[in-house]
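Report on the structure given below.
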Amino acid sequence: MNYTTGQIAEFTEANLIGDSQIIIKNIEFDSRNIYSWTETAFIAIPTAKNSGEKYIQSAVEKGIQVIISEHQLPHVENITWIIVDDAVQFLQRFAKYHLSRFNLRTVGITGSNGKTIVKEWLYRSLFQSFVTVKSPKSFNSQLGLPLSLLQIKGQHEIGIFEVGISKPGEMKKLEDIFSPEIGILTHIGSAHSANFESEEQLINEKIVLFKDSKTIIFNGDNDAVLKLIDEHFSDRKLISYGFKERNDLSIKDGWLHSKEITVQYFGESLSIPVRQRDEATLSNALAVIAVLKELKFDNAAIVEKINLLKSVEMRLESVDGVRKNLLINDSYNLDLDSLIISYQFIKQYNKKKKTLILTDFLEGKDAGSLYQTVANLTNLQDFGTVFLIGDEITQSAHLFEAETFTFQTTEELIHSTLLNQIEDELILLKGARRFEIEKVKNHLELQKHDTVLEVNLNAILHNINVHKSLLKPETKMMAMVKAYSYGLGGYEIAEFLQHHHIDYLGVAYADEGVDLRKNGITTPVMVMNPEQHSYSSIIDYNLEPEIYSLRVLRLFNEQLIQKGIDRRYPIHLKVETGMHRLGFKQSEIPELLQTLQGMNVKVESIFSHLSSADDLLEKEFTFDQLTEFEAFSGKLILGLGYKPLRHILNSAGIATYCDYQYDMVRIGIGMVGISPVPEVSKHLLQAVAFKTVVSQISEVHVGDSVGYNRKHRPAKTTKIATVPVGYADGIPRLIGNSRGNVGIRGKLFPIVGNVCMDMMMVDIGDEPIAEGEEVVIFNENPSLSQFAIYCNTIPYEVLTSVSRRVKRIYIKK
Ligand SMILES: *Cc1c(COP(=O)(O)O)cnc(C)c1O
């Protein structure tokens, strides 16, 4: 979206107080998520518990200049207010208006379960063929749907949106703003039924969404759904799907044990390989197939797309447990439907013995009859042992036919020794969230590695904001996520940054960009080393190449022509100003401009890179580079006749040369918490921790030696802690023999002897440290910078050297 404050107030009949010319591109309702204060309005949404107006102050502190609210607050000054009668209704009206300006094709998904999965799968199946927009996460409510619709832009060809309701009457409001061309009704279950009198009422309410739909695709296994849709929508194109043969799209019998499943589509057969075969997954896949058919994809393409789908939100995860057990964990939610799905799911494993761990449902329904149904279902599943947790379900323990044990809390079960006796079984963990049944999973999971690289995403956001505070509000930011995000992880970081509206992402190679796209990243991505063989996938995945020579420009253009690209394709010109790595030379300007003239490309940006922004001794050289860039980019802009973005500052550059921020900056190591400028550095947080635990502690005496080649010989009796990381994990061998330290209990201890491939030894003196205690390779003490000094290198190399076998963990508040 892209409106002025005046336009917004006009379309929604709101009352504008202040400047009518401020451009608004985002609306944010959670002040904690405000990352960019330009072109963003904060909306105060009242909820049952809270008045959103409480957060106006913190939004204003973050620089927000436009507030949408039901009331103007007296003490908040210099703000443009859009005063509305009802904030949620305002968003709905605004979204309705916004949507009416575009004529993209729309898909709307409703139902009790599976909406998000079907949406994500559809997105993954479509985004290469259409410019596609979708609801973020599971934004589907009275608030979520309008926010999702507001993301639509002119270039979008298809929009896929989730629509959810929890109370009668809600769909009417949502349908008023959005009735999709293709409507999908996924599985109807009992999950939300508390607010509805009957299943029929629930279905009738949901299908209101299809008021203007041309095609309705629905799960036809449910008799009531089939009847009601036939009744109300006989004049539309109806496609039912499901397991029952009567459906237009159905799965042939025998699907549970055959290698491929056979799908019938109006009599036509289609074989599809599947990995996961629970009914929920398969019926969601059918919904996707139905849409692909409707959009006229051929069968080969459909099979290929279905084959590529991964479980998006692996609600049921299976992990290897200790003693050859297999854990199936579903601690996401607990209701009858999801219990049935789990029972379906475990059929695909052929473990002879099975154990169930099940908690109270917390449904607030008639507990007696609920647990009778649960017990009946469970008794059909041949569990050998059942563990029940909670004060409700345990009262029905007598109804369970397996050997049954009861506990009040999850801890009680863990502390009993019963779990330790289970061997070579399938253990299904099914718990309401409150019971934190994942603790049982942690207890029973086979721990492969105690070593982790922990990435604190909130610290990354904080560090970005510290750098942003040095810049003008309108300056854009590109986050460099090259080399697996400096070793921290692939799409997880990019996804987080995208969520916080980063303007651009930068990767080194096309593969990295493709990976981001495959994981749903839609932010513009610049590729710095576009290799010739990857031009085709750069274009297919809408990535933007760095063009650094005439040779590359011509080759890339040939590929554009070959692919018949008929829009001006975005490229970035890299210019040489002193780094002598990649880039055009000033002498090439005339030929470059001339060559560009005949090409169907758009120079999105002109940029260069500082060689020594972090080195104050080279300030003069840096100023030369900056001057050179000014002249070089100025000539290009003059010749082009339009103004691409200009950018030259990396993290250290932002901290030192912010007068040269131009239109955009490129942050990298600064996100991690490193800056050469003390005034900046003191505000940054360490975003990465490399940690492990002590494997063993041994006492050594004078005359003993430690490690390979007896390199360490203690001068007195001392204790040695063995730590399970070595040079194969990215700890350089050169920091052995007391050149480097690790942190335990906040103190530093020297690494003694030679570092081994997978282990190293630390002299802990007589400190009372126990086996299993945490060992910090770097975090606070030693810090990443300190650790880099031990290694005789820079933080960048330390991070990118942490081996892939070290598990990355992301923490987010
Ligand atoms: C890696 C990189 C950056 C980021 O550098 P930091 O020093 O990590 O901020 C910026 N620009 C280019 C061209 C890069 O390759």
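Counting starts at 1 for both ligands and their atoms, in listed order. Keep in mind the model is a prediction, meaning the values are calculated, not measured.
Residue contact check: Lys482 has heavy atoms under 4.0 Å from atoms 1 (C), 2 (C), 3 (C), 14 (C), 15 (O) of ligand 1. Counting the atoms of ligand 1 from 1 in the order shown, those under 4.0 Å from a heavy atom of Tyr486 are 1 (C), 4 (C), 5 (O), 6 (P), 8 (O).
Here OG of Ser612 is found 8.0 Å from CE of Met579. Values are rounded to the nearest 0.5 Å. Rounded to the nearest 0.5 angstrom, Ile493 CD1 and Glu495 CD are separated by 11.0 Å. Taking OG1 from Thr793 and CG from Leu734, the interatomic distance works out to 9.5 Å, rounded to the nearest 0.5 Å.
The protein heavy-atom contact nearest to atom 11 (N) of ligand 1 is Arg666 NE, 2.7 Å. The single protein non-hydrogen atom nearest to atom 3 (C) of ligand 1 is Met480 CG, 3.5 Å, given as residue, atom name and distance. His609 CE1, 3.4 Å is the protein heavy atom nearest to atom 12 (C) of ligand 1. The nearest protein atom to atom 7 (O) of ligand 1, hydrogens excluded, is given as Tyr796 OH, 2.6 Å; this is a heavy-atom distance. Ranking protein heavy atoms by distance to atom 9 (O) of ligand 1, first place goes to Ser651 OG, 2.4 Å.
Ring pair Tyr662/Phe629: centre-to-centre distance below 6.0 Å.
Remark: ligand 1 and Lys574 share no N or O pair separated by less than 3.5 Å (distance only, no angle test). Not one N or O of Ala652 is nearer than 3.5 Å to an N or O of ligand 1, by distance alone.
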So Phe556 and Tyr569, ring pair (Phe, Tyr, Trp, His ring centres under 6.0 Å) or not? Walk me through it.
CA-CA 10 Å; Phe556 187 74; Tyr569 201 89; 5.6 Å; yes
Pair Glu454, Lys691 - check salt bridge (charged side-chain N to carboxylate O under 4.0 Å, His left out), show working.
CA-CA 8 Å; Glu454 198 177 270; Lys691 296 182 195 168; 3.3 Å; yes
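Panel note: side chain Asn463, backbone Met671; a donor-acceptor pair is recorded below 3.5 Å.
The option from Met528, Glu546, Met579 that lies nearest to atom 13 (C) of ligand 1, judged by heavy atoms, is Met528.
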